[in-house]
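All of these numbers come straight from a predicted model, not from anything done at the bench.
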Amino acid sequence: MRKCTVSGDILQDYLKGLNDAGSSVKASLRNGIRASLPAALQRVCKGLLLLRQNRRKVVFIGNGGSATIASHQAVDYWKSCSIRALAFNDPAALTCIGNDFGYEYVFQKPVD
């Protein structure tokens, strides 16, 4: 295997940082009790299955680059998992709600 020769090993440092970030993920249950990441993911999976069974919907939110990830996730859940999903990241709606109600409410008001 060839070693990456990017100047200053920038790529290697970046990948190490990603690995470290993933290793430090902590999870907790709704009541705030800590859980192992596998246990938390298992609960999420059970919840998503129940959500699909009851024809409920998942709403993804994100700002900046995360808004694009939210859109992609919504399509993946809908297309691949048959879960009703949408991403709330319409810039005009977000700025309108922010202007009229305050930016702390840009996600809360539409969900309400």
Side-chain angles (χ1 to χ4, degrees):
M1 191 157 109
R2 291 173 41 182
K3 183 178 177 186
C4 178
T5 57
V6 175
S7 65
D9 290 306
I10 294 169
L11 180 59
Q12 189 172 2
D13 290 345
Y14 177 76
L15 294 174
K16 182 184 179 319
L18 283 177
N19 181 63
D20 293 347
S23 300
S24 66
V25 171
K26 294 183 179 19
S28 61
L29 306 178
R30 180 180 282 181
N31 57 10
I33 295 173
R34 290 232 171 159
S36 69
L37 185 56
L41 290 174
Q42 183 67 28
R43 287 190 60 149
V44 168
C45 290
K46 285 180 181 179
L48 288 170
L49 290 171
L50 186 62
L51 184 136
R52 182 176 66 184
Q53 179 183 0
N54 293 320
R55 299 285 302 144
R56 301 299 305 253
K57 180 185 330 181
V58 177
V59 178
F60 291 92
I61 59 173
N63 63 357
S66 297
T68 301
I69 294 168
S71 292
H72 193 109
Q73 289 264 193
V75 172
D76 281 351
Y77 274 53
W78 164 73
K79 178 184 75 172
S80 301
C81 305
S82 299
I83 293 176
R84 296 171 62 218
L86 64 94
F88 185 74
N89 54 13
D90 174 22
L94 294 174
T95 56
C96 178
I97 294 165
N99 185 57
D100 292 352
F101 297 100
Y103 283 93
E104 65 273 23
Y105 297 106
V106 295
F107 299 119
Q108 178 186 335
K109 288 290 184 183
V111 172
D112 288 347

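- Evaluation of the ring pair (Phe, Tyr, Trp, His ring centres under 6.0 Å) test over residues 20-48, restricted to residues two or more places apart or in two chains, returns none.
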Quick one: side chains of residues 29-53, donor-acceptor pairs under 3.5 Å with protein atoms, not counting sequence neighbours, listed by atom name and distance.
residue	atom	partner	partner atom	Å
Asn31	OD1	Ile33	N	3.1
Ser36	OG	Ala39	N	3.2
Arg52	NH1	Cys81	O	3.0

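- Rounded to the nearest 0.5 angstrom, Arg84 CZ and Arg55 CZ are separated by 5.5 Å.
- Leu86 and Ile83 sit in two unconnected hydrophobic clusters of ILVMFWY residues. Membership requires side-chain heavy atoms under 4.5 Å apart, directly or through other members.
- Counting non-hydrogen atoms of other residues, nucleotides and ligands closer than 6.0 Å to OH of Tyr103 gives a total above 12.
- Taking the side-chain hydrogen bond (donor to acceptor under 3.5 Å, both in side chains) definition, one finds that Lys16 meets it with Asp20, sequence neighbours left out.
- Under a 3.5 Å cut-off, the side chain of Asn89 and the backbone N or O of Gly62 do not form any donor-acceptor pair.
- Taking every heavy atom of both residues into account, Ala74 and Ala85 meet most closely at O-CB, 3.5 Å.
- For Asn63, the side-chain hydrogen bond (donor to acceptor under 3.5 Å, both in side chains) test picks out no residue, with sequence neighbours left out.
- A search for ring pair (Phe, Tyr, Trp, His ring centres under 6.0 Å) contacts involving Phe60 returns Tyr77, not counting sequence neighbours.
- Between the CD atom in Gln73 and the OG atom in Ser66 there is a gap of 10.5 Å [rounded to 0.5 Å].
- Among residues two or more places apart in sequence or in another chain, the side-chain contact (heavy atoms from CB on, under 4.5 Å) test is passed with Ile97 by Phe88, Phe101, Val106, Lys109, Pro110.
- Residues Tyr105 and Ile61 fall within the same hydrophobic cluster, defined by Ile, Leu, Val, Met, Phe, Trp and Tyr side chains chained together at heavy-atom separations under 4.5 Å.
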